[in-house]
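Inspection log for the structure reproduced underneath, given as structure tokens.
Heavy-atom basis, side chains included; hydrogens, waters and symmetry copies ignored. Proteins get letters first, then strands, A, B, ... in listed order; numbering begins at 1 in each. For clarity, every value in this text was computed on a predicted model and none was experimentally measured.
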Amino acid sequence: MKQFYGEKTFGLIDCNNFYVSCERLFRPDLANKPVVVLSNNDGCIIARSNEVKKLGISMGAPYFKHKALIRKYNVTVFSSNYPLYGDISQRVMDVLMQMEPEVEVYSIDEAFITFPKGKYLDLENYAGFLKNTVQRDTGIPVSIGFGPTKTLAKIATWFAKKKSSTDSTFVMNDQHHLETLLAGVDVSDIWGIGRRYADRLKKQGVHTALALIQCNDTWIKKQLTIAGLRTVMELRGIPCISLEKAPPVKKSIGTSRSFGQPVHALSALQEAVATYTTQAAFKLRSRGLKASIIHVFIRTNSFRKEQAQYCNSKTLTLSESSSHTATLIKAALTSLKAIYQPGYHYQKAGILLSGLVPENYEQLHLFNAPDPSSISLMEAVDTINKRWGRDTIQSGAVGLIRDWCHRQLEKSPAYTTRWSELPIVKAAPPETFSVA
DNA sequence: TCTGGGGTCCTAGGACCC
DNA sequence: TCTGGGGTCCTAGGACCC
């Protein structure tokens, strides 16, 4: 492979229509039938079965705009069920880690692997073996691409999905002429080139990955920054992005939601912000971290051009980092009060915690002693909420009426993560299978 | 009526210091 | 009246990813 530098082969394992595949695991009657999964608040379509893709419904499309089509073609609709998807994802990753020593969990539905060039004599065969093993052990169909860099492995996976053949794998090897392959890839389909950059490149006459790798490096850096230049090097076959086996240290943790209906009152925003802070603080403690910076934002609906628009945010630095829910809520509500303006239709609020340090990292305020009772209180609350559900014990600030809560009308059960929602399999005649 | 959420990285520009 | 230059840090905004 003369044009490919580097000693390693990279692979990308990408779950097909992942959220839809997860829902189908427990609804085998939906195989080969059109299915979509909605975003939070049932707002956008974020996963589509192949049948739905053929109807021309695009990724991220607003649900309400396609309701008629969805009804017409009898598409089954699910609200998103992240506990289910997270659990199935873990199973897929476990299978890969049993097969390969070097695995990077890149996202909920993708993993990179890498191994020395030449480890497997027949890469096509190995890709098929990997794919079949994941499918057999988890029920999730995947596509797999191999290439000499991560970016080219991504492109190989793109070819694997594009091919109408059933094997869903693609290996970039000596038989392929890299330039011929890249001539068939639109710049917008390159990992790292988003819509803005793609538009910009096309305006200047660069339409394909092949045209891009032939551009001058200085020009590329000016157009796409150093990150874009790295992408181009990878497209040329020079590895610049390495495999990250350990998940990177978190720099921020946030929670934000759109409301189920417009919100006007400060009191409702306070409940929402307190609720999001509670959730973020729980995530913080689950990762063994404390935060010292808390950022709160509120905004109106920018799609409603006819309405008065307002968005604002405020960042507060705590005198001492904390993971204590009440402390964080107090700071969040102080910021909220400072930015709240009456008279607007608010659509979304959120909080972002940063300045994260390990919980055992002590940087005490000169005059404040730590309160050991607050630590044991939080531990008790987390234990109870893990056992009985996350709403069991909460701060009074989160409210009781909560009419701002987001919608999730079509949610499937937490089949694999909640005892009360386990699927019940009934004995059935051969060749049929039903789930109650 | 109804348009997601959670992240990361890069750069430009201002503040500040010596 | 005339009034430097370089380094660092921080932040906002824009780009990207799934």
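Between A:Y310 and A:Y344, the angle of the ring planes stays under 30°, which puts this pair in the parallel group of the 30/60° scheme. Between A:F115 and A:F146, the angle of the ring planes goes over 60°, which puts this pair in the perpendicular group of the 30/60° scheme.
Salt bridge A:K131/A:D167: absent, no basic N to carboxylate O contact under 4.0 Å. Remark: A:E110 engages A:K154 in a salt bridge, criterion side-chain N to carboxylate O under 4.0 Å. One finds no salt bridge joining A:E51 and A:K53 here, because no Lys/Arg side-chain nitrogen approaches an Asp/Glu carboxylate oxygen to under 4.0 Å. Ion pair A:K290/A:E320 not flagged as a salt bridge, since none of the NZ, NE, NH1 or NH2 atoms sits closer than 4.0 Å to an Asp/Glu carboxylate oxygen. We find that A:K8 and A:E102 are joined by a salt bridge, their nearest charged nitrogen and carboxylate oxygen being less than 4.0 Å apart.
At the heavy-atom level, A:T315 lies nowhere under 4.0 Å from the strands shown. At the heavy-atom level, A:I253 lies under 4.0 Å from the strands shown only through sugar-phosphate atoms. At the heavy-atom level, A:L352 lies nowhere under 4.0 Å from the strands shown. Residue contacts shown for A:Q347 are limited to sugar-phosphate atoms, with no base heavy atom under 4.0 Å away. Nucleic acid contact for A:K222: none, since no nucleic acid atom lies under 4.0 Å from a heavy atom of the residue. A:N41 comes within 4.0 angstrom of no nucleic acid atom, judged by non-hydrogen atoms across all strands. Counting non-hydrogen atoms under 4.0 angstrom, A:Q261 reaches nothing in the nucleic acid. Looking at heavy-atom distances under 4.0 Å, A:D42 makes no contact with the nucleic acid at all. When heavy atoms are screened at a 4.0 angstrom cut-off, A:L229 is found touching no nucleic acid atom at all.
Side chain of A:S107, nearest nucleotide from C:dC18, C:dA15, B:dT3: C:dC18. With B:dG6, B:dT3, B:dC10 as the candidates, the nucleotide lying closest to the side chain of A:C44 is B:dT3. Relative to the side chain of A:Y106, the nucleotides B:dG5, B:dC10, C:dC17 differ in distance, and C:dC17 lies closest. Listed nucleotides: B:dC9, C:dC17, B:dG5. Nearest to the side chain of A:K251: B:dC9. In this structure, of B:dT3, B:dG6, B:dG4, it is B:dG4 that holds the atom nearest to the side chain of A:S39. Checked against C:dC18, B:dG7, B:dG6, the side chain of A:K250 finds its nearest nucleotide in B:dG7. The listed nucleotides are B:dG7, B:dG5, C:dC17; the one nearest the side chain of A:S252 is B:dG7. Side chain of A:T225, nearest nucleotide from B:dT11, C:dC18, B:dG7: B:dT11. Minimum atom distance to the side chain of A:F303 is reached by B:dG4, of the listed B:dG6, C:dA15, B:dG4.
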Could you please spell out the steps behind the salt bridge (charged side-chain N to carboxylate O under 4.0 Å, His left out) verdict for A:R287 and A:E359?
CA-CA 9 Å; A:R287 295 177 173 276; A:E359 59 194 349; over 6 Å; no
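Spacing between atom CD1 of A:I45 and atom P of B:dC2 amounts to 17 Å, rounded to whole angstrom units. Regarding A:D109, its CG atom lies at a distance of 19 Å from the P atom of B:dG5, rounded to whole Å. Rounded to whole Å, the distance from CG on A:N301 to C1' on B:dC2 is 10 Å. As a whole-Å value, the separation of A:L38 CG from B:dG4 P is 11 Å. The CD-C1' distance, from A:Q223 to C:dG14, rounds to 15 Å in whole Å. Straight-line distance from the CZ atom of A:R196 to the C1' atom of C:dC17: 15 Å, rounded to whole Å. Atom CD of A:E104 is separated from atom C1' of C:dC17 by 12 Å (rounded to the nearest Å). Atom CE in A:M59 sits roughly 12 Å away from atom C1' in B:dG5 (whole-Å rounding).
Residue A:R200 places none of its side-chain N or O atoms closer than 4.0 Å to OP1 or OP2 of C:dA15. For the pair A:R304 and B:dC2, the criterion of a side-chain N or O lying under 4.0 Å from OP1 or OP2 is met. Contact between the side-chain N/O atoms of A:R230 and the OP1/OP2 oxygens of B:dC10 is found at a separation under 4.0 Å. Taking side-chain N and O atoms only, A:K348 has a distance below 4.0 Å to OP1 or OP2 of B:dG5. One finds no side-chain N or O of A:K283 lying less than 4.0 angstrom from the OP1 or OP2 phosphate oxygen of B:dG5.
DNA chain C is contacted by no residue of residues 70-87 of chain A, taking any non-hydrogen atom closer than 4.0 Å.
For residues 197-252 of chain A, there are no ring-ring contact (aromatic ring centres under 6.0 Å, His included) pairs, not counting sequence neighbours.
Within the 3.5 Å criterion, the main-chain N or O of A:Q279 finds no donor-acceptor partner in the side chain of A:T255. A distance-only check finds no donor-acceptor pair linking the side chain of A:T416 to the backbone of A:L84 [under 3.5 Å].
C:dG4 and B:dC16 have their C1' atoms separated by 15 Å, given to the nearest Å.
When the nearest nucleotides of DNA chain B are assigned to A:I226 and A:S258 by heavy-atom distance, the more 5′-ward of the two goes with A:S258. Positionally, the nearest nucleotide of DNA chain B for A:I46 lies more toward the 5' end than for the other of A:V249 and A:I46.
For CG of A:D217, the number of neighbouring non-hydrogen atoms (other residues, nucleotides, ligands) closer than 6.0 Å is greater than 12.
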With pairs defined as Watson-Crick or G-U wobble and both distances under 3.5 angstrom, please note down DNA chain C as a dot-bracket string, | for pairing with another strand.
....||||||||||||||
